[in-house]
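Inspection log for the structure reproduced underneath, given as structure tokens.
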Amino acid sequence: MRRILAAALLALAVLAVWQQAASAHPLGNFTVNHYSRIEVAPDGVRLRYVLDLAEIPTLQELSAAGLDQSTSVEAVRGRLLGPKGASLAAGAKLRVAGRDTPWTLVSATLDLLPGQAGLSTLRVVLDLSSPE
């Protein structure tokens, strides 16, 4: 019994010391992830929308806007956040009692995050609200 316990403890110690680094987005360099959280409250509806682009879709977005990997984060925000935020917000439809209800943009952020092979990934976060 002592040998089994000692072997189990040794195995746990080896696992604790020998760790692998986790990848930022384990699904691949072509991944596009969407996340929406809707909160319904007595004073209205709130929506948090997150768009995460892996390295290749980020390169495509930058290229379409005439930018590249060497462009500063501030310049990317200035060029992409307004149009991308407006496009994503326009796609978020809310119907209350059979009629379209408009969203109000509360906040919008755009970040370039380190990815694989020295490339960046792109994350856009929108917070929208509606009084209905």
Side-chain angles (χ1 to χ4, degrees):
M1 185 66 165
R2 283 184 162 191
R3 282 187 169 169
I4 293 174
L5 182 57
L9 288 175
L10 179 62
L12 286 174
V14 168
L15 288 175
V17 172
W18 185 50
Q19 297 179 23
Q20 300 265 339
S23 176
H25 59 90
L27 297 177
N29 297 337
F30 292 90
T31 303
V32 175
N33 290 318
H34 303 267
Y35 168 79
S36 298
R37 181 183 73 217
I38 299 170
E39 297 175 2
V40 179
D43 63 337
V45 179
R46 288 181 289 282
L47 170 66
R48 167 156 280 194
Y49 180 81
V50 180
L51 173 67
D52 272 318
L53 302 178
E55 293 84 355
I56 302 304
T58 296
L59 282 173
Q60 292 170 332
E61 285 289 331
L62 293 175
S63 178
L67 306 170
D68 61 29
Q69 288 287 310
S70 66
T71 306
S72 72
V73 175
E74 292 77 23
V76 171
R77 280 188 191 117
R79 181 81 62 88
L80 285 180
L81 185 55
K84 188 54 112 176
S87 171
L88 294 172
K93 303 293 184 193
L94 175 64
R95 293 190 68 118
V96 176
R99 63 181 176 81
D100 288 335
T101 303
W103 290 107
T104 300
L105 180 64
V106 175
S107 68
T109 61
L110 182 147
D111 291 304
L112 288 175
L113 306 168
Q116 300 291 320
L119 299 174
S120 297
T121 64
L122 179 73
R123 172 178 275 195
V124 178
V125 179
L126 300 178
D127 288 308
L128 307 168
S129 70
S130 177
E132 309 242 359

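Side chains included, hydrogens not; waters and symmetry mates left out as well; all remaining heavy atoms used.
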Minimum heavy-atom distance A54-G28, with the two atoms named: CB-O, 3.4 Å
All side chain to side chain contact (heavy atoms under 4.5 Å, CB included) counterparts of D100, not counting sequence neighbours: R95
Check: T71 side chain, L67 main-chain N or O, donor-acceptor pair, under 3.5 Å: no
CG on L59 to CG on D68, rounded to 0.5 Å: 9.0 Å
Distance-only side-chain donor-acceptor flag, E55 / T121, under 3.5 Å: no
From OG (S87) to CG (L51), nearest 0.5 Å: 9.5 Å
Single-linkage hydrophobic cluster, 4.5 Å side-chain cutoff, L81 and V125 together: no
Test log, rule side chain to side chain contact (heavy atoms under 4.5 Å, CB included), inputs W103 and V45: CA-CA 9 Å; W103 290 107; V45 179; 3.8 Å; yes
Atom pair OG (S107) and CZ (R48), whose distance is rounded to the nearest 0.5 Å: 6.5 Å
Verify same cluster id: V124, V50 (apolar side-chain graph, 4.5 Å): no
Side chain T58, main chain L53, donor-acceptor under 3.5 Å: yes
Minimum heavy-atom distance L126-G85, with the two atoms named: CD1-O, 3.6 Å
L113 with Y49, same ILVMFWY side-chain cluster at under 4.5 Å: no
Value rounded to 0.5 Å, distance of CG in L47 from OG in S130: 10.5 Å
Non-neighbouring partners of D43 that pass salt bridge (charged side-chain N to carboxylate O under 4.0 Å, His left out), sequence neighbours left out: R46
Acceptor/donor pairs from residues 72-80 side chains to any protein atom, 3.5 angstrom cut, sequence neighbours excluded:
from, atom 1, to, atom 2, distance (Å)
S72, OG, A75, N, 3.1
R77, NE, L110, O, 2.6
R77, NH2, L110, O, 3.3
R77, NH2, D111, OD1, 2.9
R79, NH1, A65, O, 2.3

Between CG on residue L128 and CG on residue L94, distance to nearest 0.5 Å: 10.0 Å
L122 side, atom CG; E61 side, atom CD - distance, nearest 0.5 Å: 6.5 Å
